Structures are given as C-alpha cells and as structure tokens.
Amino acid sequence: MFLLKTWRSTAFGVYGYMNFTKSGFLDHSKKFKPEDMQLQIEGKNCVVTGANSGIGFAAAEGLASRGATVYMVCRNKERGQEALSKIQTSTGNQNVYLEVCDLSSVNEIKSFASSFASKDVPVHVLVNNAGLLENKRTTTPEGFELSFAVNVLGTYTMTELMLPLLEKATPDAKVITVASGGMYTSPLTTDLQFSGEKFDGVEQYARNKRIQVALTEKWADKYKNKGIGFYSMHPGWAETPGVAKSLPSFSESFAGKLRTSEQGADTIVWLALQPKEKLVSGAFYFDRAEAPKHLKLAGTSKSHDLIDSVIDSVHSMAALNP
C-alpha cells in the first residue's frame with residue numbers, strides 16, 4: 001500500500017507539473033478553437049456556487065459576459081455583493097443576482113433550493129464550484145466533517161434538489177462539477193468523514209474530489225433519460241485565494257507558474273457553451289478535452305464500484321426523499 005501511494009503521488013506530481021501549470025494551459029491552448037468561446041447564451045440561466053472569488057468568480061463573469069443570467073451562490077453576503085457589482089460593471093450585464101447560502105449546511109441548501117424553486121425559472125447550467133480544503137478537522141453544526149460537507153454532501157444535495165429546475169431546461173440542461181487533479185492520488189473510499197486518528201486535509205480533499213468524479217458518472221447514467229448532461233472537470237493548478245490559504249507552501253513554491261483564475265475557469269465556460277452533442281455525459285474534462293479519470297498503474301479504477309454505497313450514505317446524510 002505504501003509503494004502504491006508513493007507511486008500515485010509521484011505520477012501525479014510529474015503529470016501535474018507537465019500539464020496543470022500555466023505553461024501547460026498555454027501549450028494546450030494551441031489546439032483550442034476560438035469560435036467555441038464566441039457563442040452567446042442570452043436567456044440561459046446559470047447557477048454558480050462559490051462565485052465570489054477565484055475560479056467561481058471567473059466562471060460567473062465568463063458566463064455573464066456571454067449574455068447568461070447568472071445566479072451567484074455565495075456564503076458571505078458582503079463579499080458576494082462586491083463580486084456581483086464587479087461582474088455587472090465588467091460585463092455590462094445587469095442580469096446577475098446574488099443568492100446567499102452556506103454550502104456546508106444541508107438545511108441552508110434545502111432552504112435555498114425551496115426559495116429558488118419559487119422563481120420557477122429553468123436552470124440551464126448548474127456549476128458546482130464551491131469547494132474547500134481544510135487542513136484541520138472541523139465539524140459543522142450539523143455534525144459533518146467540514147471539507148466533506150462542502151465538497152460532497154453540499155454538491156450532492158444541491159444537484160439533487162435542482163433536478164426539477166434542470167429538467168425544465170431540457171434538452172439544454174447541464175451540471176458541471178469542478179473537481180481536481182488531486183483525485184488522481186486517491187481511490188474511492190467509503191470512509192467519507194476520514195475516521196483516521198490523524199486528519200490529513202489534503203488526502204480528504206483528494207478523496208472528496210474522487211467522489212465527485214465517480215458521482216458524475218453515476219448521475220449521467222441514472223438520469224440519462226431526463227435530458228440533463230453531467231460533466232466533471234479539472235481547472236488545473238490555479239492561483240486563487242483558496243489555494244493560497246489552504247496550500248501556502250505549494251502556492252509559494254509554484255509562484256509565477258500557476259494558472260490565473262480565468263485559465264482555471266476556461267473549461268467550465270467552454271462546457272457551458274458547447275452543444276451537448278459535442279460532449280460526453282459522465283466524462284471528466286480538462287483544458288477543453290476529455291481527460292483520463294485514472295493514472296496508469298495507480299490502482300484507482302476498480303474503486304468506482306463503491307459509488308452506490310457512497311451515494312446511499314450521502315443520500316441518508318442529506319435526508320432527501322427516496
């Protein structure tokens with residue numbers, strides 16, 4: 001097991017350095033088609049979680065600049081309002097709205113979903129971007145490990161509760177979940193809240209992101225007849241406030257080599273704009289192309305067989321109707 005974990009970390013480090021940095025983006029961008037990003041989506045409603053800074057902000061701004069009506073779901077009202085004003089000013093699009101919700105709370109997500117449903121607007125794109133890497137074990141008032149609560153439980157609850165509004169937008173509806181290349185270092189596990197005595201925030205984050213990728217596969221299969229496309233994506237290593245706070249040494253050692261938030265959000269916006277027939281539901285995307293979900297010899301692929309058990313546990317925690 002030690003050798004396998006060491007191999008995963010080494011393979012991830014080499015693969016990441018070659019592909020996930022700013023130079024990787026610039027290299028991959030040589031194959032990009034400019035016309036892919038020139039599409040306008042006026043009249044489309046996009047919900048972006050964690051939209052007040054970093055990749056979420058860049059994604060919301062990118063969608064607003066292309067005419068979308070954007071609902072920014074943020075935990076902090078003041079920071080959310082400031083971000084909203086910046087986007088309205090930079091894009092000239094006034095159809096940008098703030099929704100306040102703490103994505104670590106199942107009850108707040110349920111309250112938000114109920115309130116949002118009363119608007120009776122179809123949701124064409126849901127971007128599950130809100131994410132957290134917490135280095136110390138923290139438990140939410142609802143009794144869940146904080147990283148898991150935001151990255152997995154919050155993402156699951158939000159998506160499941162948005163399904164009726166996504167169905168209203170079919171056949172254009174899409175769910176885009178922002179995962180991470182960090183998931184390459186971890187197989188799927190049913191130890192959702194990291195029961196080990198010594199909490200490892202980086203490993204828990206990787207586990208959470210692996211769940212998001214496997215969950216996207218499952219959603220794509222389960223809801224294939226509902227006209228909704230499900231996609232996970234990896235933004236690369238971007239210089240964001242979240243990375244600077246959670247991984248200060250990583251941020252410092254890669255200073256000048258990390259992607260901008262806009263480069264990190266590029267594939268989110270690309271996925272939102274593309275016709276669904278160009279995309280593969282359930283797939284994992286990186287730099288506007290389908291990417292592998294597992295590194296060679298990493299021994300993580302068979303772990304996806306555990307996803308049904310994981311979903312059963314998460315569904316129970318969310319206390320959603322069957």
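Treat the numbers as computed from the prediction; the structure is a model and nothing was measured. Quick note: residue numbers are just sequence positions, from 1.
With respect to R259 and D266, no salt bridge is recorded, no charged nitrogen being found less than 4.0 Å from a carboxylate O. Ionic pairing of K31 and D287 is not present here: no N-O contact between side-chain nitrogen and carboxylate oxygen is shorter than 4.0 angstrom.
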| request: Could you walk me through whether Q94 and Q88 pass the side-chain contact (heavy atoms from CB on, under 4.5 Å) test, one step at a time? | output: CA-CA 5 Å; Q94 299 306 300; Q88 287 181 331; 3.7 Å; yes
| query | Which is it for F25 and F32 under the ring-ring contact (aromatic ring centres under 6.0 Å, His included) test, yes or no, and what are the steps along the way? | reply | CA-CA 10 Å; F25 179 84; F32 291 174; 5.6 Å; yes
| request: Run the numbers on T177 and F230 for side-chain contact (heavy atoms from CB on, under 4.5 Å), then give the verdict. | output: CA-CA 8 Å; T177 298; F230 293 87; over 6 Å; no
| request: Determine, step by step, whether K33 and W270 satisfy the side-chain contact (heavy atoms from CB on, under 4.5 Å) criterion, reporting the C-alpha distance in whole Å, the side-chain angles of both residues, the deciding distance to 0.1 Å, and the verdict. | output: CA-CA 10 Å; K33 297 177 181 176; W270 180 84; over 6 Å; no
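For E160, there are no salt bridge (charged side-chain N to carboxylate O under 4.0 Å, His left out) partners two or more places apart in sequence or in a different chain. In terms of the salt bridge (charged side-chain N to carboxylate O under 4.0 Å, His left out) criterion, residue partners of E99 (sequence neighbours excluded) are, by chain and number, K119.
Side chain of T89 to main chain of S85: a donor-acceptor pair is present (N/O by atom type, distance under 3.5 Å, no hydrogens or angles). Proximity of a side-chain donor or acceptor of T185 to a complementary backbone N or O of G182 within less than 3.5 Å is detected. Side chain of Y184 to backbone of T300: no donor-acceptor contact under 3.5 angstrom is found. With hydrogens and angles ignored, the 3.5 Å screen pairs no side-chain donor or acceptor of S316 with any backbone N or O of D312. The backbone N or O of L258 lies less than 3.5 Å from no partner atom in the side chain of E239, so there is not a single donor-acceptor pair. Remark: the backbone N or O of L146 is not paired with any side-chain donor or acceptor of T140 at under 3.5 angstrom. S114 contributes no side-chain N or O that, together with a main-chain N or O of S111, makes up a donor-acceptor pair within less than 3.5 Å. D36 places no side-chain N or O within donor-acceptor distance of the main-chain N or O of Q274, the cut-off being under 3.5 Å. One N or O on the side chain of H28 and one on the backbone of G24 form a donor-acceptor pair closer than 3.5 Å. Side chain of N208 to backbone of Q204: a donor-acceptor contact under 3.5 angstrom is found.
Nearest approach of L161 to L320, heavy atoms of both residues: CD2-CD2, 3.8 Å. Of all non-hydrogen atoms in F284 and A179, the two that sit nearest each other are CE1-CB, 4.1 Å. Closest approach of R207 and D191 over heavy atoms only: NH1-OD2, 3.3 Å. Closest heavy-atom contact between Y205 and L132: CD1-O, 3.3 Å.
With 3.5 Å as the limit, one finds no donor-acceptor pair spanning the side chains of S186 and E203. A donor-acceptor contact under 3.5 angstrom links the side chains of E145 and S147, judged on distance only.
The side chain to side chain donor-acceptor pair (under 3.5 Å) test with H304 singles out one residue from K293, R210, K218, and that residue is R210. In summary, of the residues considered (I211, I307, V310), a side chain to side chain contact (heavy atoms under 4.5 Å, CB included) with T190 occurs for V310 alone.
In this structure, the ring of F148 has its center no less than 6.0 angstrom from the ring center of Y156.
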Enumerate donor-acceptor pairs with a distance under 3.5 Å from any side-chain N or O in residues 51-65 to protein atoms, sequence neighbours excluded.
unit_1	atom_1	unit_2	atom_2	d
E61	OE2	S90	OG	2.6
S65	OG	E61	O	3.4
S65	OG	G62	O	2.8

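In this structure, the side chains of C46 and V127 stay at 4.5 Å or more apart for every pair of heavy atoms.
For CZ of R75, the number of neighbouring non-hydrogen atoms (other residues, nucleotides, ligands) closer than 6.0 Å is 12 at most.
With values rounded to the nearest 0.5 angstrom, L84 atom CG is found 6.0 Å from L98 atom CG. Atom-to-atom distance recorded for N93:CG and E42:CD is 9.0 Å, nearest 0.5 angstrom. From C101, atom SG reaches atom OH of Y71 across 15.5 Å, with rounding to the nearest 0.5 Å. Here CZ of F112 is found 9.5 Å from CD1 of I109. Values are rounded to the nearest 0.5 Å.
V96 and V125 fall within a single hydrophobic cluster, where Ile, Leu, Val, Met, Phe, Trp and Tyr side chains are chained together by heavy-atom contacts under 4.5 Å. Under a hydrophobic clustering in which Ile, Leu, Val, Met, Phe, Trp and Tyr are joined whenever their side-chain heavy atoms come within less than 4.5 Å, directly or via other members, V70 and V73 fall into different clusters. Taking hydrophobic clusters as Ile, Leu, Val, Met, Phe, Trp and Tyr residues chained together by side-chain heavy-atom distances below 4.5 Å, V48 shares a cluster with L271.
Aromatic ring pairs are classed by plane angle as parallel below 30°, tilted from 30° to 60° and perpendicular above 60°; the pair F286 and H234 is parallel.
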